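Notes for the one structure printed next.
Values below: every heavy atom of this structure, side chains too, minus hydrogens, waters and symmetry copies. Predicted model, so just to flag it, every value in this text is computed and none were measured.
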Amino acid sequence: MDSKLFDICPNCAGEGTVQAVNTTETRTVNKEAFEVPVTYFACQRCGESFQTMEMDDSLAVARDLYRDKHGMVRPAQLTAWRKSLGLSQVELAAVLGWGVATVSRYENGKLQSEAHDKAMRMAMRSPDTLLELTRNASTLTAMVRERLQRELQARAGAAGLERAFLAGCRSAPGEHIDLPKLAQLVLLLSDRDGVFVTKLNKLLFYSDFKVYKERRRSLSGLSYERLPFGPVPSNFRLLFSLLEQRGDIRQVDVRVGNAEGTQVMALRAADLNGFDEEELTAVLAIKKRFGRMSATEISEASHQEQAWIETPTGATISYEHAASLSV
């Protein structure tokens, strides 16, 4: 904290006597003690200490530590979730069956009860649960109820597709599917101009295998299968349907010259913060290497890879073949 905020002590008017002090103190939440950092200003002349409005409240910090320890919802998470639904505090209170003051207190830092926290977590995690609460919220206006029901039905559909995709695909050995990163990878490789599914599948293969070659772990956690037109991600059709349902991409049947097929078009820019520097460098190198190739050309290139040559049709391609990858 910058002590220059106080060139003069507001208590004794001493010049240059105020310094920032960083320490810790013990705060108790529900009979549990937490050590929290505390910052304040102290005057070396008169001994007076004081804080600014911007400084963290130690009790609020202790409450968040308690929430984290017990897996409870933080106030900022509750507020962000409410706003993502386009609801006011009054409307969220109606949906949850609480008083408006309760929602307000929780968003402003009051520690929630275990029962209310469980209700929040269930509503936040399950579109189906929230949809049922919305249907039974008698004090919601018809316009808000109908709008929220439409959005939640779409989310519930996406949640069902996500479960089906994860249940039906195979992950790389010793890894798990990183769906958020996979979604951003698809957006990064497809762009807004679109790319044929056949080519996109090869770009995903090369990206995952190149990163594995360099770091002994894949980008997405997906496994890949050998099909006649080259390597494809496990359960890729359901993957693209899921991303389309979520509003990330659009699939369009097109004809470009003599080529006819389905293109994937990104509906938003990829969030590059989901990749570290080495991962992003690897993916961009793949885009540069194969970006101007047609779907046919990249398929033919993949057929020259040991990963495709030594894997039977329909079988899972071992990531050990990444060592011999041409890129």
Side-chain angles (χ1 to χ4, degrees), residues 37 54 56 61 64-65 67-68 71-86 107 121 124-125 127 151 154-155 158-159 161-163 165-166 169 171-172 174-195 199-224 233-236 238-251 263-291 319 322 327:
E54 292 78 17
D56 287 337
V61 174
D64 275 343
L65 291 174
R67 291 184 182 98
D68 293 344
M72 301 175 79
V73 178
R74 281 191 173 204
Q77 293 172 316
L78 175 61
T79 302
W81 175 62
R82 173 177 63 78
K83 290 182 177 179
S84 75
L85 296 170
E107 288 194 1
R121 285 185 285 110
M124 293 171 75
R125 293 174 181 174
E151 292 184 9
R155 294 190 187 191
L161 279 175
E162 180 177 329
R163 288 192 295 270
F165 166 69
L166 293 174
C169 71
S171 61
E175 300 187 41
H176 69 279
I177 307 297
D178 189 338
L179 189 53
K181 180 172 286 187
L182 178 55
Q184 298 309 315
L185 182 59
V186 170
L187 289 174
L188 181 57
L189 293 173
S190 55
D191 293 325
R192 295 184 184 273
D193 293 333
V195 59
K199 180 176 180 177
L200 178 57
N201 284 336
K202 309 306 171 289
L203 292 173
L204 288 166
F205 161 75
Y206 275 111
S207 296
D208 262 329
F209 271 64
K210 181 173 176 61
V211 170
Y212 190 92
K213 180 180 181 179
E214 297 171 352
R215 307 179 72 170
R216 296 295 296 178
R217 62 171 176 78
S218 69
L219 260 177
S220 70
L222 270 178
S223 66
Y224 288 78
S234 176
N235 215 7
F236 71 91
L238 202 53
L239 168 63
F240 297 146
S241 295
L242 167 60
L243 297 183
E244 186 170 40
Q245 176 70 36
R246 286 175 24 169
D248 292 329
I249 65 171
R250 182 160 59 97
Q251 299 185 83
Q263 277 196 340
V264 170
M265 304 179 71
L267 298 181
R268 56 172 61 96
D271 181 4
L272 302 185
N273 292 321
F275 306 96
D276 63 35
E277 185 175 350
E278 291 182 2
E279 291 171 340
L280 187 57
T281 298
V283 176
L284 293 179
I286 293 299
K287 285 192 69 174
K288 182 177 181 180
R289 170 70 175 80
F290 298 104
Y319 267 99
V327 293

**Asked** Do Val283 and Leu203 pass the side-chain contact (heavy atoms from CB on, under 4.5 Å) test, and can you show the C-alpha distance, the side-chain angles, and the key distance before you say yes or no?
**Response** CA-CA 9 Å; Val283 176; Leu203 292 173; over 6 Å; no
**Message:** Please determine whether side-chain contact (heavy atoms from CB on, under 4.5 Å) holds for the pair Tyr224 and Leu204, giving the CA-CA distance in whole Å, both sets of side-chain angles, and the decisive distance to 0.1 Å.
**Reply:** CA-CA 9 Å; Tyr224 288 78; Leu204 288 166; 3.5 Å; yes
**Request:** Could you walk me through whether Val195 and Gln263 pass the side-chain contact (heavy atoms from CB on, under 4.5 Å) test, one step at a time?
**Result:** CA-CA 5 Å; Val195 59; Gln263 277 196 340; 6.0 Å; no
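No more than 12 heavy atoms of other residues, nucleotides or ligands sit less than 6.0 Å from atom CZ of Arg250.
Pairs passing the side chain to side chain donor-acceptor pair (under 3.5 Å) check and including a residue from residues 264-276, sequence neighbours excluded, read Arg215-Asp276, Asp248-Arg268, Asp271-Asn273. For the salt bridge (charged side-chain N to carboxylate O under 4.0 Å, His left out) condition, the pairs that include at least one residue of residues 203-214, sequence neighbours left out, are Lys210-Glu214. For residues 180-195, the set of pairs meeting the salt bridge (charged side-chain N to carboxylate O under 4.0 Å, His left out) definition, not counting sequence neighbours, comprises Lys181-Glu279, Asp191-Lys287.
Ser241 and Gln251 make their closest contact through N-NE2, 3.8 Å (heavy atoms, listed as atom of the first residue, atom of the second, distance). Minimum interatomic distance between Phe240 and Ile249 (heavy atoms only, all atoms of both residues): O-CD1, 3.4 Å. Listed here is the closest heavy atom pair of Ser190 and Val264: CB-O, 3.7 Å. Residues Gln184 and Ala269 share a closest heavy-atom pair of OE1-O, 4.4 Å. The minimum heavy-atom distance linking Ala270 with Leu188 is given by the pair CB-N, 3.7 Å. The nearest pair of heavy atoms linking Ser223 to Ser171 is CB-O, 3.9 Å.
Here the CG-CG distance, from Leu166 to Leu242, works out to 8.0 Å after rounding to the nearest 0.5 Å. Put simply, CD on Gln245 and CG on Leu161 are 5.5 Å apart, with the number rounded to the nearest 0.5 Å. Here the CG-CD distance, from Leu239 to Glu244, works out to 11.5 Å after rounding to the nearest 0.5 Å. The distance from atom CG of Leu243 to atom CG of Leu182, rounded to the nearest 0.5 Å, is 6.5 Å. For the atom pair CD1 (Ile177) and OG (Ser220), the distance works out to 6.0 Å, reported to the nearest 0.5 Å. We find the CZ-CD distance between Arg82 and Gln77 to be 14.5 Å, quoted to the nearest 0.5 Å.
For Tyr212, the ring-ring contact (aromatic ring centres under 6.0 Å, His included) test picks out Tyr319, with sequence neighbours left out. Remark: Ser218 engages Glu175 in a side-chain hydrogen bond (donor to acceptor under 3.5 Å, both in side chains) (not counting sequence neighbours). For Arg289, there are no salt bridge (Lys or Arg N to Asp or Glu O under 4.0 Å) partners two or more places apart in sequence or in a different chain.
Under the 4.5 Å side-chain criterion, counting only non-hydrogen atoms from C-beta, Pro233 is in contact with Asn201. Residues Leu219 and Phe275 form a side-chain contact, since some pair of their non-hydrogen atoms from C-beta on lies under 4.5 Å apart. In this structure, the side chains of Leu200 and Phe236 stay at 4.5 Å or more apart for every pair of heavy atoms.
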